[in-house]
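Structure first, commentary second.
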Amino acid sequence: MTDEESATPHWLFGDQLGPHFTDPSGGGPHRDAPLLMIEARSVFRRRRFHRAKAHLILSAMRHRAAELGDRVRYVKADTYREGLREALGDGPVTVHHPTSHAARAFVDTLPSVRVLPARGFLVTHEEFRKWADGRGTKHLRQEDFYRWVRRTHDLLMEGDEPAGGRWNLDHDNREPPPRGASGLGVPAPYRPRESDIDAEVRADLDRWARDGDVGFVGEDAPRRFPATRREALAALRRFAEHRLATFGAYEDAVLAEDRTMSHSLLSSSLNLGLLDPAECVERAEVRWRSGEAPLNSAEGFVRQIAGWREFVWHVYWYFGPEYRESNALGHRGRLPEWFTELSSRGTGANCVGHVLDQVRETGWTHHIPRLMILGSLALQRGWDPRAVTDWFHRSFVDGYDWVMVPNVVGMSQYADGGRMTTKPYTSGGAYIDRMSDLCGPCRYKPSVRVGEDACPFTAGYWNLLHRHRDRFEHNARMGQVVRGLDRLTDLDELLEQERHRRY
């Protein structure tokens, strides 16, 4: 590398904060390259983010700048373009592949920027493209990809076979919550201590909101998620040593008084770049091989990261920017104000109100409330999938464009018509009743589909199947349940009821 190249500054986006983004190996920036970070106020003007998310991002960026010291120039500007101009003029700069189509399009307009390969993932764009192109089909399946990643990265393998003889232990990880329990009784997840930087961030956010410069939704309680590499490693260690063992069996269960169950709460750290996925899955495998965690827990965690997280990242780029516009079901409904404001007062359904309360207070809830309560509600009510995607992006501390577009458009709202999932992820109230303790205190009854006690999910499920019967009855995994519409003696009454439902 020439002296000129070693002196080329390297730009770190706010989700590229771990040491692997400054590592010179594998085409990274020179070890002596000066670093640049830009805090652009315009990011928070474009969307009304959750206050806790805005706090976490700014806290993480400022903590990282403090760690880097004199090596980094930290610029506070109105836009990224202004920040680059202030820091570098028209001088050259490198940056690792950004994590959104908009950011990539922006850097591609800058002739002085050289884009380095993406980091923070197990599989490269080129490797995924070769795998996907070789499928010979328009449909991509996470399970097929997951098995390929397990093989190529030797994760939970015994020779050429999966550990334990099965690739997917999902069947063992669908236990309902323990009967009569209010919690799993496991040690609490890691909680960081706030610093002076957090106080500074909170004061800035207060001032911006007071001045009307930006607006937020949700509450900014004391920071709950790691903002530094040291905190993220502590969170990973606590999960692996104290919570992984009980993660698997109750992975899909929900308890009102145990919001985190045995989940890792590492998604925000991974998506900020504070953790690398390889170190997370390797830690889980070590715990299993040492006998400290059962295989179903280790496999479930590995599948979340090496399967789901990798898959949605690559689907986002492989399907291209037009994928977000997918709306195969033609849903155009507007999100109600109570939903966008995270207000439980707009719904009589206990499960929806409970989850919205948690999102408002923390900016987080685990994958089952997201998918089978919030996402399922939006799908059944026919809300616009692009608006639903934006809502998830703004409302969750771990929500980024690359995460939410495939996860909502493809998995949650089935708006892509099945390009990445085999069927819609939705259900009637019976599933929520079986997997949670949220239905007992609810005014609605999960077994009732018509009348004052009718569960919005039970009625909404049948209404959705009727609305899209022509599409769903030809789905191999849905044909039988769709034919169940013919056995409903009160279908006309149900459809009329749902036409007048307000949410």
(request) Test Arg381 against Arg501 for side-chain contact (heavy atoms from CB on, under 4.5 Å), laying out the working first. (result) CA-CA 9 Å; Arg381 298 303 149 202; Arg501 191 182 290 276; 3.5 Å; yes

(message) Between Asp384 and Trp391, is there a side-chain heavy-atom distance shorter than 4.5 Å?
(response) no

(request) Any chance you could measure Cys351, atom SG, to Phe457, atom CZ, to the nearest 0.5 Å? (result) 4.0 Å

(request) Begin from the C-alpha positions of Asn271 and Arg309 and carry the test side-chain contact (heavy atoms from CB on, under 4.5 Å) through to its verdict. (result) CA-CA 10 Å; Asn271 294 351; Arg309 185 176 185 270; 3.2 Å; yes

(message) Nearest 0.5 angstrom please: Phe339 CZ to Leu377 CG, how far?
(response) 6.0 Å

(request) Step by step, work out the salt bridge (charged side-chain N to carboxylate O under 4.0 Å, His left out) result for Arg147 and Glu143. (result) CA-CA 6 Å; Arg147 296 183 183 191; Glu143 182 65 23; 3.0 Å; yes

(request) May I ask you to decide if Met261's main-chain N or O and Arg243's side chain share a donor-acceptor pair within less than 3.5 Å? (result) yes

(request) Determine, for Arg303 against Glu299, whether the closest basic-nitrogen to carboxylate-oxygen distance falls under 4.0 angstrom. (result) yes

(message) To check you understand the geometry: which heavy-atom pair defines the closest contact between Ala245 and Glu292, and what is its length?
(response) CB-O, 3.8 Å

(request) Check the side chains of Ser267 and Asp398 for a donor-acceptor pair under 3.5 angstrom, ignoring hydrogens and angles. (result) yes

(request) Taking the side chain as every heavy atom from C-beta outward, state whether Pro446 and Ile432 have any atom pair closer than 4.5 Å. (result) no

(request) Decide yes or no for Glu194 and Arg202: does some side-chain heavy atom of the first lie under 4.5 Å from some side-chain heavy atom of the second? (result) yes

(request) Write down the atom of Val123, the atom of His153, and the distance for their closest heavy-atom approach. (result) CG2-NE2, 4.1 Å

(message) Which residue is it: Asp198, Asp204, Asp196? I am looking for the one with a salt bridge (Lys or Arg N to Asp or Glu O under 4.0 Å) to Arg62.
(response) Asp204

(message) Using modelled atom types and a 3.5 Å cut-off, is there a donor and acceptor pairing between side-chain atoms of His63 and backbone atoms of Ser59?
(response) yes

(message) Can you tell whether the side chains of Lys445 and Asp433 come within less than 4.0 Å, N to carboxylate O?
(response) no

(request) Assert yes or no for the condition that the ring centre distance of Phe247 to His263 is strictly below 6.0 Å. (result) yes

(request) For residues Met61 and Leu17, report the shortest heavy-atom separation together with the two atoms involved. (result) N-CD1, 3.9 Å

(message) Set out, in order, the CA-CA distance, both residues' side-chain angles and the distance that settles salt bridge (charged side-chain N to carboxylate O under 4.0 Å, His left out) for Asp390 and Arg394, then state yes or no.
(response) CA-CA 6 Å; Asp390 179 70; Arg394 294 184 296 104; 2.9 Å; yes

(request) Please test Ile368 against Met435 for side-chain contact (heavy atoms from CB on, under 4.5 Å), starting from the C-alpha separation and ending with a verdict. (result) CA-CA 9 Å; Ile368 291 300; Met435 296 304 296; 5.6 Å; no

(message) Can you confirm whether Leu270 sits close enough to Pro277 that some side-chain heavy atom of one is under 4.5 Å from a side-chain heavy atom of the other?
(response) yes

(message) Given 3.5 Å as the limit, does a donor-acceptor pair link the side chain of Arg324 with the main chain of Val405, or not?
(response) no

(message) Could you report the tightest heavy-atom contact between Asp437 and Ala181, atom names first, then the distance?
(response) OD2-O, 4.4 Å

(message) Measuring from atom CG of Asp276 to atom CD of Glu279, what distance do you get when rounded to the nearest 0.5 angstrom?
(response) 5.5 Å

(message) When you measure from the side chain of Asn296 to the backbone of Leu169, do you find a donor-acceptor pair of N or O atoms at a distance under 3.5 Å?
(response) no

(request) Could you tell me whether a side-chain N or O of Asp252 sits under 3.5 Å from a main-chain N or O of Arg174, the two making a donor and an acceptor? (result) no

(message) Would you say that Val450 contacts Trp462 through its side chain, given a criterion of any heavy-atom pair below 4.5 Å between the two side chains?
(response) no

(request) Would you give the length of the straight line joining atom CZ of Arg287 to atom OG of Ser297, rounded to the nearest 0.5 angstrom? (result) 11.5 Å

(message) Working to the nearest 0.5 angstrom, can you tell me the gap between Phe239 CZ and Leu265 CG?
(response) 9.5 Å

(message) For Ser344, is there any backbone N or O sitting under 3.5 Å from a side-chain donor or acceptor partner on Thr347?
(response) no

(request) Report yes or no: do Glu251 and Asn173 form a side-chain donor-acceptor pair below 3.5 Å? (result) yes

(request) In plain terms, say whether Arg467 and Glu498 are close enough for a salt bridge, that is, a side-chain N and a carboxylate O under 4.0 Å apart. (result) no

(message) Looking at every heavy atom in both Arg443 and Asp453, which two are closest together, and how far apart are they?
(response) O-OD1, 3.8 Å

(message) With a sphere of 6.0 Å drawn around CZ of Arg207, does it hold more than 12 non-hydrogen atoms of other residues, nucleotides or ligands?
(response) yes

(message) Using side-chain heavy atoms (C-beta onward) and a distance below 4.5 Å, is Phe472 in contact with Leu464?
(response) yes

(message) Using ring centroids (six-membered ring only for Trp), state whether His314 and Tyr318 fall under 6.0 Å.
(response) no

(message) Looking only at the aromatic ring of each residue, does the gap between the centers of His125 and Trp313 stay below 6.0 angstrom?
(response) yes

(message) Counting C-beta onward and ignoring hydrogens, is there a side-chain heavy-atom pair between Tyr316 and Asn407 closer than 4.5 Å?
(response) no

(message) With a 4.0 Å cut-off on N to O distance, would you call Glu219 and Arg360 a salt bridge?
(response) yes

(message) Contact between Trp308 and Val403 at the side-chain level, heavy atoms closer than 4.5 Å - yes or no?
(response) yes

(message) I'd like to know if the side chain of Thr365 reaches the main chain of Val359, judged simply by a donor and an acceptor atom lying under 3.5 Å from each other, with no hydrogens or angles considered.
(response) no

(message) Centre-to-centre under 6.0 Å for Trp317 and His101, is that the case here?
(response) yes

(request) State whether Glu322 and Arg419 are salt-bridged, where the test is any N-O pair (Lys NZ or Arg NE/NH1/NH2 against Asp/Glu carboxylate O) under 4.0 Å. (result) no

(message) In this structure, is the centre-to-centre distance between the rings of Phe13 and Tyr80 below 6.0 Å?
(response) yes

(request) Would you mind checking if Glu341 and Arg48 are paired as a salt bridge, meaning a charged N to carboxylate O distance below 4.0 Å? (result) yes

(request) Verify, without hydrogens or angle tests, whether Glu175 (side chain) and Ala253 (backbone) share a donor-acceptor contact under 3.5 angstrom. (result) no

(request) Decide if the gap between the ring center of Phe128 and the ring center of Phe145 is smaller than 6.0 angstrom. (result) yes

(request) Kindly say whether His393 contributes a backbone atom to a donor-acceptor pair with the side chain of Asp401 at under 3.5 angstrom? (result) no

(message) I want to check a possible cation-pi pair here: Lys53 against Phe392, using under 6.0 Å from ring centre and within 45° of the ring axis as the test.
(response) no

(message) Quick check: His20 with His96 (ring centres under 6.0 Å apart)?
(response) no

(message) What's the separation between atom CG in Leu274 and atom CZ in Arg64, rounded to the nearest 0.5 Å?
(response) 8.5 Å

(message) Working note: Tyr414 + Asn475, criterion side-chain contact (heavy atoms from CB on, under 4.5 Å); need CA distance, chi angles, decisive distance, verdict.
(response) CA-CA 13 Å; Tyr414 202 68; Asn475 185 306; 3.6 Å; yes

(request) Report, as yes or no, whether the 6.0 Å neighbourhood of atom CZ on Arg334 holds more than 12 heavy atoms from other residues, nucleotides or ligands. (result) no

(request) Examine distances only and state if a side-chain atom of Ser376 and a backbone atom of Thr426 form a donor-acceptor pair shorter than 3.5 Å. (result) no

(request) Identify the two heavy atoms, one from Ala284 and one from Leu244, that lie closest to each other, and give their separation to 0.1 Å. (result) CA-CD2, 3.9 Å

